[in-house]
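Chain naming here is simple, since letters A, B, ... match the order of the sequence lines and numbering starts at 1 in each. Everything numeric in this text was worked out from a predicted model, so none of it was measured.
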Amino acid sequence: MSGGREEGGYEPAAIEPRWRERWEEAGTNRARGDGRPKRYILDMFPYPSGAGLHMGHAEIYTISDVIARHARLQGFDVLHPTGWDAFGLPAEQYAIRHGVHPRTAVDRNVATFKGQMERMGWSYDWSREIDTTDPEYYRWTQWIFRVLYERGLAYEADVPVNWCEALGTVLANEEVIDGKSERGGHPVVQRPMRQWLLRITSYAQRLLDDLELVDWPESLKEMQRQWIGRSEGAEVTFAIDGHDDSFTVFTTRPDTLYGATYCALAPEHPLVATVTTPEQAEAVTAYVERAARRSERERMADVHEKTGVFTGAYAINPVNGERLPIWVADYVLMGYGTGAVMAVPGHDQRDHDFARAFDLPIREVVSGGDVTEAAFEGDGPHVSSGPLDGQDTPTAKRTVIALLEKAGQGRARITYKLRDWLFSRQRYWGEPFPIIHRADGETVLLGEDALPITLPQVARYEPTGTGESPLAGITEWVETTDPRDGSPARRETNTMPQWAGSCWYYLRYISPHCAERFVDESAEKAWMPVDVYVGGVEHAVLHLLYARFWHKVLFDAGLVSTPEPFQRLVNQGMITAPAYKRIEADASSTSRYIPPAEVTRRSDGTWVHRESGETVERVVMKMSKSAFNVANPDDLVEQYGADALRLYILFMGPPEDDKVWDHAGIHGITRFLHRLWRLVVGDSHGPAKPRSAAPAEGEARRLLHGTIAGMTRDMEQMAYNTAISKLMVMLNGMGELDAVPEEMLAAYLPMLSPFAPHVADELWSRLAETSDRFAGWASTAAWPTYDEAALVADEVELAVQVNGKVRGRLTVAADASEESILTDALALEGVVRALEGMQVTQRRVVPGRLVVLGAKPEPS
RNA sequence: GCCGAAGUGGCGGAAUUGGCAGACGCGCUAGGUUCAGGACCUAGUGGGAGUUACUCCCUUGUGGGUUCGAGUCCCACCUUCGGCACCA
């Protein structure tokens with residue numbers, strides 16, 4: 001049989017659009033729900049910014065696409081959807097800047113994104129596309145808020161927010177950098193305002209425990225554990241000398257209670273005002289006011305500078321009746337524990353620092369260190385501690401907790417660092433709350449029939465300057481009536497934060513058009529949980545914790561069937577790129593960086609700006625326009641094709657590793673695709689390889705089955721870089737044959753198709769012109785299987801080691817006996833030389849690999 | 001400071017988990033082909049030494065250890081990158 005016809009070479013632009021159309025027409029990317037085993041392959045949906053698709057998107061979505069396409073070849077029914085996380089600040093700011101409605105901006109950006117995503121050949125089921133800003137979507141976001149509210153998990157409270165006077169608005173934490181507004185650099189202060197919060201803290205323990213149920217990177221689980229920050233200890237109640245009031249502290253070291261020499265309250269602690277004596281009032285007031293003015297960031301900046309003021313009051317130590325001075329100190333945080341601490345300078349370094357600064361007594365109650373020098377925070381026998389004397393820390397903790405419980409002055413307690421989730425924003429572009437406030441002060445949750453509460457059309461969506469959302473100014477929207485009795489009421493004018501829509505979007509994909517419920521009940525049971533979730537580690541604590549929280553609430557309400565939403569999680573690494581920096585330029589210079597095209601490498605390895613001759617520094621950094629190091633996926637697709645870009649992204653390294661973009665590297669991939677094209681079709685550099693209908697034999701058969709075996713393992717482990725290298729090795733091997741068995745190509749192209757789907761299907765269809773073996777498409781074929789027996793070679797080469805060093809090589813039949821191998825090995829010239837004057841003490845054959853000989857000098 | 005991950009050629013990386021370090025690719029060198037540029041093809045490419053068609057030594061951040069044998073296991077240290085950071 002002859003090879004293909006002579007014709008034009010590999011031209012991705014000529015074939016890629018055609019195949020995408022065919023897949024779309026045939027619906028090959030659709031999830032069927034036909035009862036086959038399922039795989040739900042999800043990636044973190046994009047925020048459709050005005051900047052379009054960047055290389056980070058290209059990486060994450062290529063990874064998830066390869067997982068999805070591979071699963072389809074394995075016969076799974078695959079759900080692989082995408083959509084738009086389109087509420088939030090960036091759309092609003094873009095809209096303000098360009099003077100268009102956020103809706104218009106989002107629609108425009110989505111159109112750009114969708115085109116770019118389609119050009120990458122990602123096999124999304126577009127029939128399930130969702131948009132968090134579509135009222136038919138956020139109706140259900142509001143509906144889930146109702147579930148939270150009805151379960152007592154949503155409440156209003158006065159909490160500090162970031163207030164920027166100059167901009168006249170509240171800012172999100174992301175918009176505050178080092179105590180100043182991101183835009184304009186104006187001062188930002190903490191100011192209490194009425195806000196909605198979600199009681200995520202009541203799920204703290206389960207969010208911690210259920211990390212055991214999921215297959216996530218250990219480092220990411222650890223980040224969530226630290227964020228939740230469970231700590232075991234006790235609370236201890238101190239009476240105040242001469243007052244009826246008392247206060248409670250939280251401590252992880254109740255065993256050191258006999259070593260307490262003072263107590264400290266947070267500046268915001270409600271008792272500060274009551275306990276302060278008249279003589280101290282002026283100093284305390286001044287200190288509290290100063291602390292209030294300092295932002296949280298300022299407070300954190302000078303961590304080691306301990307400040308505080310004595311209130312003049314004394315607390316009574318419940319175990320020994322000692323009078324302990326009560327101080328106010330800003331190293332005590334109102335937001336953690338009880339906002340009050342018992343201070344044990346001998347065994348807590350912070351208290352030690354404070355005691356040294358204010359000349360307070362330091363007492364040793366656990367021996368093992370020198371408390372005059374530094375706090376001893378370790379374990380050891382307790383001393384000067386009454387009934388605890390001689391006990392170690394765990395025992396002393398139990399003893400003292402028992403004592404306190406008996407006296408009614410304390411108990412064991414667990415606290416978490418995790419705070420309740422501040423769930424409202426003073427913004428236009430977010431989900432409205434299904435809440436109204438009656439004139440009589442009652443807060444009313446609107447019924448399901450009122451949903452969706454849609455955003456009104458407005459002329460201005462800029463911040464109002466009053467700290468309220470722009471919605472507050474739209475009288476006809478705000479003023480409403482209570483549907484129960486028609487009495488006047490005002491709508492809640494805060495909106496939900498951007499995280500809300502992404503807390504449950506993975507459920508909506510399952511039944512995106514379901515009108516009766518947020519997710520179809522039986523479809524939910526069929527598809528959940530998400531089998532593989534691919535996304536960036538930047539969402540390690542926020543999105544991934546919030547989504548787990550909502551999911552557990554829905555689970556408790558009997559609305560979903562799994563306790564966790566995302567079974568396996570994969571974090572892709574960040575793609576960075578080299579940039580060239582002027583060494584002399586100061587930070588404010590507008591031209592700190594030189595475009596790579598204007599830079600040349602000197603022979604000594606340094607880099608020089610050709611035009612000016614100045615030496616520049618090569619730095620690897622995040623891609624950014626100002627550093628001229630952005631690689632744009634769209635441009636690369638145009639230049640090299642989607643298949644080449646997909647292959648190259650994965651070939652750079654393992655998915656989870658950070659990668660440095662190297663433009664030159666993609667040429668290797670392009671060459672590979674051209675060689676493959678030439679082998680099958682032929683091009684101007686050579687004709688197609690002759691093909692044979694006969695089965696692969698000998699070396700070719702081993703190459704085929706070895707590649708399938710290796711690829712199968714690599715795909716399972718997501719070792720895509722080595723999988724691609726195996727495809728290169730097999731292609732090189734096929735190139736050396738006189739004729740390529742069609743059997744090899746029939747296995748090769750399906751294995752290539754998850755990575756380079758367009759060219760795989762194109763070549764497959766070319767082959768179909770001359771052979772019946774190539775029915776259908778490579779992308780819809782079955783993943784090939786291999787024969788274990790075909791992996792074994794007839795002859796194997798063994799390395800012969802003497803004391804761990806290779807001294808010879810031996811080619812033997814695969815089934816040669818150990819004895820004959822050893823005999824042959826000992827006769828090898830190099831081995832004989834190495835064994836001169838030596839006595840062989842050990843001989844072993846590692847099958848298929850090497851011969852091990854141990855030897856030591858012969859006794860003389 | 002605490003927690004986590006990682007250090008392998010000029011570069012990206014590989015090594016079936018204790019068994020021939022450097023697969024595959026980039027880059028580079030030489031030759032071929034081409035009107036030219038590019039593309040393509042062939043060969044070479046960790047370092048060093050020598051008696052240079054061959055042989056030896058060294059080499060996976062550093063220093064020790066276990067083993068016939070260590071990139072891989074153990075101990076100590078160094079560096080880099082992430083996360084947290086007055087959390088009582």
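For A:His674, the side-chain hydrogen bond (donor to acceptor under 3.5 Å, both in side chains) test picks out no residue, with sequence neighbours left out. Every residue meeting the side chain to side chain contact (heavy atoms under 4.5 Å, CB included) condition with A:Val319, not counting sequence neighbours, appears here in chain and number order: A:Leu257, A:Tyr258, A:Asn317, A:Val400, A:Leu404. Partners of A:Thr62 by side-chain hydrogen bond (donor to acceptor under 3.5 Å, both in side chains), not counting sequence neighbours, listed by chain and number: A:Trp122. With sequence neighbours left out, A:Phe651 forms a ring-ring contact (aromatic ring centres under 6.0 Å, His included) with no residue at all. With sequence neighbours excluded, the residues forming a side-chain hydrogen bond (donor to acceptor under 3.5 Å, both in side chains) with A:Glu59 are A:Lys659, listed by chain and number. Under the rule for a side-chain hydrogen bond (donor to acceptor under 3.5 Å, both in side chains), the partners of A:Asp255 that lie at least two apart in sequence or sit in another chain are A:Arg253, A:His382. Contacts of A:Tyr546 classified as ring-ring contact (aromatic ring centres under 6.0 Å, His included), with partners at least two apart in sequence or in another chain: A:Trp421, A:Trp499.
Residues from residues 224-231 of chain A placing a heavy atom under 4.0 Å of any atom in RNA chain B, listed by number, are A:Gln226, A:Ser231.
When each of B:G13, B:A88, B:G27 is scored by its nearest atom to the side-chain atoms of A:His667, the top-ranked nucleotide is B:G27. When distances are taken from the side chain of A:Val341 to each of B:A88, B:G12, B:A14, the shortest belongs to B:A88.
Side chain A:Lys306 to base B:C86: a donor-acceptor pair is found below 3.5 Å.
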Quiz prompt | Intra- and inter-strand pairs of RNA chain B in dot-bracket (Watson-Crick or G-U wobble, both distances under 3.5 Å; | for another strand) | solution = (((((((..(((......[....)))((((((.......))))))(((((...)))))..(((((..]....))))))))))))....

Please write out each protein N/O paired with an N/O of nucleotides 68-70 of chain B under 3.5 Å, distance rounded to 0.1 Å.
from, atom 1, to, atom 2, distance (Å)
B:C68, O4', A:Gln842, OE1, 3.2
B:C68, O2', A:Asn803, OD1, 3.4
B:C68, N1, A:Gln842, OE1, 3.3
B:C68, N4, A:Arg844, NH1, 3.2

List every contact pair, protein side and nucleotides 41-47 of chain B side both N or O, where the distance is under 3.5 Å.
from, atom 1, to, atom 2, distance (Å)
B:C41, OP1, A:Arg678, NH1, 3.4

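Of the possible donor and acceptor atoms, none in the side chain of A:Thr251 sits under 3.5 Å from a partner among the backbone N and O of A:Ala234.
The salt bridge (charged side-chain N to carboxylate O under 4.0 Å, His left out) contacts involving residues 714-728 of chain A comprise A:Asp714-A:Lys726, where partners must be two or more places apart or lie in separate chains.
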